[in-house]
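Just so you know, ligand 1 is whichever comes first in the structure, and atom 1 is the first atom listed for that ligand.
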Amino acid sequence: RAKSMGKACYEIFSAQMRTQSATLFSLNSDLPQAIEQNQLRLHYQPLIHLESGKIQGFEALVRWQHPKKGLIYPGDFIPLAEENGLIVPLGYWVLKEACRQNQLWNQAYPQATTPLFISVNLSGRQFRDPHLIENIQKIIEDVDLLPHSLKLELTESVVMDDVEVSVNGLLSLKKINIKVGIDDFGTGYSSLSYLHRFPVDTLKVDRSFVMRMHDASDNEAIVKTIISLSHSLQMDVIAEGIETAAQAEKLKTWNCEYGQGYFFSRPVPSEKAEALLANPPHWAYPQDA
Ligand code: C2E
Ligand code: MG
Ligand code: MG
Ligand code: MG
């Protein structure tokens, strides 16, 4: 009986795998058109200054409006694009569109203090592209964006891949006044001994720690430690994956500067993001301002 169960499971599994790989295969062959035929979209998720409850910026997250398959999320095509190299042109499309949008928002909704910033995810291949700096400079010039309102997010594993090369890459971004953040911090293999060498502005605490803050004090301790570590290295902190008021409040009392997550807003199309700027919500957790 166990044996026949095993076989049944195997059959279900392999049928699923077949459909999955067929889907991946067709996505892979459709991807070049996605860029040419304007099928990529950006959604924007607000980044909240926790103390004041104000929107300080947005993270741009790419989606693919596939003509037959509907809206596809990055988890299903970014890995393909990384493999076949299309991530580089795709990434420049994202960068340009995000910068253009942020500049429009900064004109329409001028901020009292610092301008709204836009965070853009950069894959390893883009980070190592020898034309990265000149291309970024061209983009920010074209759309007339202030360089320090652009922040690039690099994952911990990308910067850890070759520390010497990364440090140089980060320094050249710093030279042109672009901000850099380390994304999904805490999920890669420990970079604690290297962290002080990376000239980065922000650490983004991975969602997995924030999610589990309630059920184990260990996770609370980890998050608090990441916050104080960042501060002692002159970096600020963003916590991602905030889904409850209790999480927002805790992070605020621990002096985490920024928060992002479904509690504030899901990633939304530009019209909805703009509505958030036009009519800033009051989020229900204790704020100072
Ligand atoms: P990421 O950069 O860590 O982005 C955060 C992801 O977490 C987003 O998923 C966002 O929708 C999700 N998220 C935000 N708040 C919450 C929350 O409260 N709860 C939960 N459960 N999830 C939350 P998304 O949009 O599916 O993007 C997934 C990943 O794809 C991103 O992770 C990023 O690594 C990659 N990605 C997205 N856009 C781009 C891009 O333009 N270029 C590159 N290279 N990668 C991208
Ligand atoms: Mg990110
Ligand atoms: Mg992240
Ligand atoms: Mg992530």
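- Although no hydrogens or angles enter the test, the distance criterion places no donor-acceptor pair under 3.5 Å between the side chain of Q37 and the main chain of A34.
- Ligand 1 lies out of reach of G75, whose nearest heavy atom is not under 4.0 Å from it.
- For the pairing with E59, the salt bridge (Lys or Arg N to Asp or Glu O under 4.0 Å) check across K151, R266, K204 returns one residue only, K204.
- Aromatic ring centres of W105 and F117: separated by at least 6.0 Å.
- For E83, the CD atom sits in a loose shell: 12 or fewer heavy atoms of surrounding residues, nucleotides or ligands are nearer than 6.0 Å.
- Counting just the N/O/S atoms of E240, the one with the shortest distance to the Mg ion (ligand 3) is named OE1.
- Under 4.0 Å from ligand 1, the heavy atoms of D184 that appear belong solely to its side chain.
- Within ligand 1, counting atoms from 1 as listed, the ones closer than 4.0 Å to a heavy atom of G261 are 15 (N), 18 (O).
- When the options Q45, R63, R207, H43 are ranked by their closest heavy atom to atom 25 (O) of ligand 1, first place goes to R63.
- Polar contact check, Q260 against ligand 1: no nitrogen or oxygen pair lies under 3.5 Å apart.
- Using a 4.0 Å cut-off to heavy atoms of P267, the atoms of ligand 1 that qualify are 11 (O).
- Between the side chain of S166 and the backbone N or O of V159 there is at least one donor-acceptor pair closer than 3.5 Å.
- For the residue pair D183 / T155, no side-chain donor-acceptor distance below 3.5 Å is found, with atom types taken as modelled.
- In E59, the N, O or S atom that comes nearest to the Mg ion (ligand 2) is OE2.
- Using a 4.0 angstrom heavy-atom cutoff, G91 does not count as in contact with ligand 1.
- Checking E153 against the Mg ion (ligand 2), an N/O/S atom falls under the 2.8 Å cut-off.
- Residue contact check: S123 has heavy atoms under 4.0 Å from atoms 44 (N) of ligand 1.
- Ligand 1 has no N or O atom lying under 3.5 Å from any N or O atom of Y73, backbone or side chain.
- The N, O or S atom of D184 lying closest to the Mg ion (ligand 3) is OD1.
- Side-chain atoms of Q56 never come within 3.5 Å of backbone atoms of K54 as a donor-acceptor pair (strictly under, hydrogens ignored).
- Residue side and main chain included, T155 places no N/O/S atom under 2.8 Å of the Mg ion (ligand 2).
- Proximity of a side-chain donor or acceptor of Q247 to a complementary backbone N or O of V210 within less than 3.5 Å is detected.
- Each of the following atoms of ligand 1 lies closer than 4.0 Å to a heavy atom of E59: 2 (O), 4 (O).
- The backbone N or O of S265 sits less than 3.5 Å from a side-chain atom of Q45, completing a donor-acceptor pair.
- A distance-only check finds no donor-acceptor pair linking the side chain of N219 to the backbone of F209 [under 3.5 Å].
- For ligand 1 and V62, the ligand atoms under 4.0 Å from any heavy atom of the residue are 38 (N), 39 (C), 40 (C), 41 (O).
- The backbone N or O of Y109 lies less than 3.5 Å from a partner atom in the side chain of Q111, making a donor-acceptor pair.
- H66 and D30 share a side-chain donor-acceptor pair at under 3.5 Å.
- Residue T155 does not touch ligand 1, judged by heavy-atom distances below 4.0 Å.
- Among V88, N121, L42, the residue whose heavy atom lies nearest to atom 33 (C) of ligand 1 is N121.
- Note: F77 and W64 have perpendicular aromatic rings, judged against thresholds of 30 and 60 degrees for the angle between ring planes.
- Only the side chain of V94 comes within 4.0 Å of ligand 1, judged by heavy-atom distances.
- By the 3.5 Å distance cut-off applied to N or O atoms, I78 is not counted among the residues near ligand 1.
- Interface atoms of ligand 1 facing G241, defined by a heavy-atom separation under 4.0 Å, are 16 (C), 17 (C), 18 (O).
- Residue D183 counts as close to the Mg ion (ligand 2), with an N, O or S atom under 2.8 Å.
- Not a single N or O atom of E82, backbone or side chain, sits closer than 3.5 Å to an N or O atom of ligand 1.
- With a 4.0 Å heavy-atom cut-off, ligand 1 is reached by the side chain of E240 but not by its N, CA, C or O.
- E156 contributes a side-chain N or O that, together with a main-chain N or O of T187, makes up a donor-acceptor pair within less than 3.5 Å.
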